[in-house]
Amino acid sequence: MARRERRPNGNIEPLQSGRLRVRVYAGRDPVTQKDRYLREVVDTEKEAKAVLARLLNQIYEQKHPRSAITVSEAVKKWMDIAELEQSTRERYEDLIRLYINPILGDRQLARVDAELLEQFYARLMRCRELCSGGRRAKHKCRPLAPNTVRKIHFILRVTFDRAVRWRYISVNEVAMTEPPGFVRKKPDPPSAEEAADLLNEASRDAEWALLLWLTMVIGWRRGEVCALRWTDVNLERRTIFIDRSNWNRQEKSTKTGQERLLALDDHTVGLLAAHKAQCESACASLGL
């Protein structure tokens, strides 16, 4: 049996299989408050001494993982302090629940590398259910959109950045990972003839026709439409001011965080003036 050799912060011990296990004390885990050890199993005493020296050197240079924290624990810690819009937060929570935690959640942060992540991204790009590729009854592979995979990559990257800052790990492996390329969507707007047909059909309802017209001439987002108030419309100056959006019946800033002052043409001003008169008349009939 090989002789057990001790070192100041580590040791080499024989196993029943005849192999040697190198164990080095790595300090107290800041998350679990338990003692941590770096371990490796090798075949020969020469290999064991080399591994022991390497592990000790990592600890002396503080290049070793300082925590056994898992991916799901680290992501939760980042989400707890992240400053996100409510809509963005809910989207990230969905991505974490559906894709990150089921596959990576139980893995230790220090055991996630660039190869594993790029394989993970590739599988998502083939099938969002991460199937094995074999045929299954009633299953049809549906790839996850590249831009959605990029969001998952962003969540992991900032989580690992924070973990490095908090000294849980020493290297951000996600930063060395190449995510899918950004795909810019190609808009497919209606032709002038199709737009005219839409407006003609909508003209049976004046308010619906006005909504379609404003959407066509202004090009605003749905949330911005829902947040518009009469105080944002200046008929004398022929402008509309957009500085907020509506999401889930809550007002927030626009998606880009920018304010916009848009000029209106005579026809649009006329439509808005007629609609405002109808609103005032309806309010007057209610005694408002």
Check: Between atom CZ of Phe182 and atom CZ of Arg150, what is the distance when rounded to the nearest 0.5 Å?
Finding: 7.0 Å
Next item on the list: With rounding to the nearest 0.5 Å, note down the distance linking CD in Glu47 to CZ in Arg19.
Entry: 8.5 Å
Note to self: Measuring from atom OH of Tyr99 to atom CZ of Phe120, what distance do you get when rounded to the nearest 0.5 angstrom?
What the structure shows: 9.5 Å
Notebook entry, point to check: Is there a donor-acceptor contact under 3.5 Å from the side chain of Glu73 to the main chain of Thr70?
Noted result: yes
Check: Hey, are the side chains of His153 and Arg157 touching, using non-hydrogen atoms and a 4.5 Å cut-off?
Finding: yes
Margin query: Take a 6.0 Å sphere around CZ of Arg107 and say whether it holds more than 12 heavy atoms from other residues, nucleotides or ligands.
Written below: no
Next item on the list: Could you walk me through whether Thr177 and Tyr121 pass the side chain to side chain contact (heavy atoms under 4.5 Å, CB included) test, one step at a time?
Entry: CA-CA 10 Å; Thr177 305; Tyr121 298 160; 3.5 Å; yes
Margin query: Quick one, Leu156 and Leu117 - any side-chain contact, counting heavy atoms below 4.5 Å?
Written below: yes
Checklist line | side chain to side chain donor-acceptor pair (under 3.5 Å) partners of Glu173, counting only residues at least two apart | finding: none
Item checked: Audit row: Gln258, Ser253, side chain to side chain donor-acceptor pair (under 3.5 Å) steps and yes/no -> CA-CA 8 Å; Gln258 297 178 339; Ser253 62; over 6 Å; no
Notebook entry, point to check: What distance do Ile81 atom CD1 and Lys76 atom NZ have between them, rounded to the nearest 0.5 Å?
Noted result: 12.0 Å
Check: So, are Glu40 and Arg23 salt-bridged, with charged N and O less than 4.0 Å apart?
Finding: no
Check: Does a side-chain heavy-atom distance below 4.5 Å link Arg97 with Asp94?
Finding: yes
Margin query: Do Trp78 and Asp161 make a side-chain contact, defined as non-hydrogen atoms from C-beta onward lying under 4.5 Å apart?
Written below: no
Next item on the list: Mind checking side chain to side chain donor-acceptor pair (under 3.5 Å) for Ser87 and listing every partner two or more places apart, or none if nothing turns up?
Entry: none
Check: Can we say Arg229 and Glu251 salt-bridge, meaning some charged N sits less than 4.0 Å from an Asp/Glu carboxylate O?
Finding: yes
Checklist line | Glu178, CD atom: more than 12 neighbouring heavy atoms under 6.0 Å | finding: no
Next item on the list: Look up atom CD1 in Ile12 and atom CZ in Arg21, then write down how far apart they are to the nearest 0.5 Å.
Entry: 12.5 Å
Notebook entry, point to check: For Pro146 and Gly181, which heavy atoms make the closest approach, and how far apart are they?
Noted result: CB-O, 3.9 Å
Checklist line | Gap between atom CD of Glu129 and atom CG of Leu124 - 0.5 Å precision | finding: 11.5 Å
Note to self: Closer than 3.5 angstrom, by distance alone: can the side chain of Thr159 be matched with the main-chain N or O of Ile155 as a donor-acceptor pair?
What the structure shows: yes
Check: Hey, is Lys77 close enough to Asp80 for a salt bridge, meaning N to O under 4.0 Å?
Finding: no
Could you tabulate the donor-acceptor pairs under 3.5 Å formed by side-chain atoms of residues 205-223, not counting sequence neighbours?
residue : atom : partner : partner atom : Å
Asp205  : OD1  : Glu207  : N            : 3.1
Asp205  : OD1  : Trp208  : N            : 3.3
Trp213  : NE1  : Thr268  : OG1          : 2.9
Thr215  : OG1  : Leu211  : O            : 2.8

Margin query: Do Tyr168 and Arg162 make a side-chain contact, defined as non-hydrogen atoms from C-beta onward lying under 4.5 Å apart?
Written below: no
Note to self: Going by side-chain contact (heavy atoms from CB on, under 4.5 Å), name the residues that satisfy it together with Thr148, two or more places apart in sequence or in a different chain.
What the structure shows: Arg91, Leu95, Leu144, Ala145
Show me the donor-acceptor pairs within less than 3.5 Å that the side chains of residues 270-288 make with the rest of the protein, sequence neighbours left out.
residue : atom : partner : partner atom : Å
Ser285  : OG   : Ala282  : O            : 2.5

Next item on the list: Count the heavy atoms of every other residue, nucleotide or ligand shown that sit under 6.0 Å from CG of Asp43, and state whether that count exceeds 12.
Entry: yes
Checklist line | Side-chain (Arg128) to main-chain (Leu98) donor-acceptor, under 3.5 angstrom | finding: no
Show which side-chain atoms of residues 234-243 pair as donor or acceptor with protein atoms under 3.5 Å away, not counting sequence neighbours.
residue : atom : partner : partner atom : Å
Asn234  : OD1  : Glu236  : N            : 3.2
Asn234  : OD1  : Arg237  : N            : 2.9
Arg238  : NH1  : Asp266  : OD1          : 2.5

Margin query: Under the criterion side chain to side chain contact (heavy atoms under 4.5 Å, CB included), I'd like the reasoning laid out for Leu52 against Asn11: C-alpha separation, chi angles, the key distance, then a yes or no.
Written below: CA-CA 8 Å; Leu52 179 61; Asn11 57 67; over 6 Å; no
Notebook entry, point to check: Can Arg260 and Glu224 be counted as an ion pair, charged N to O under 4.0 angstrom?
Noted result: yes
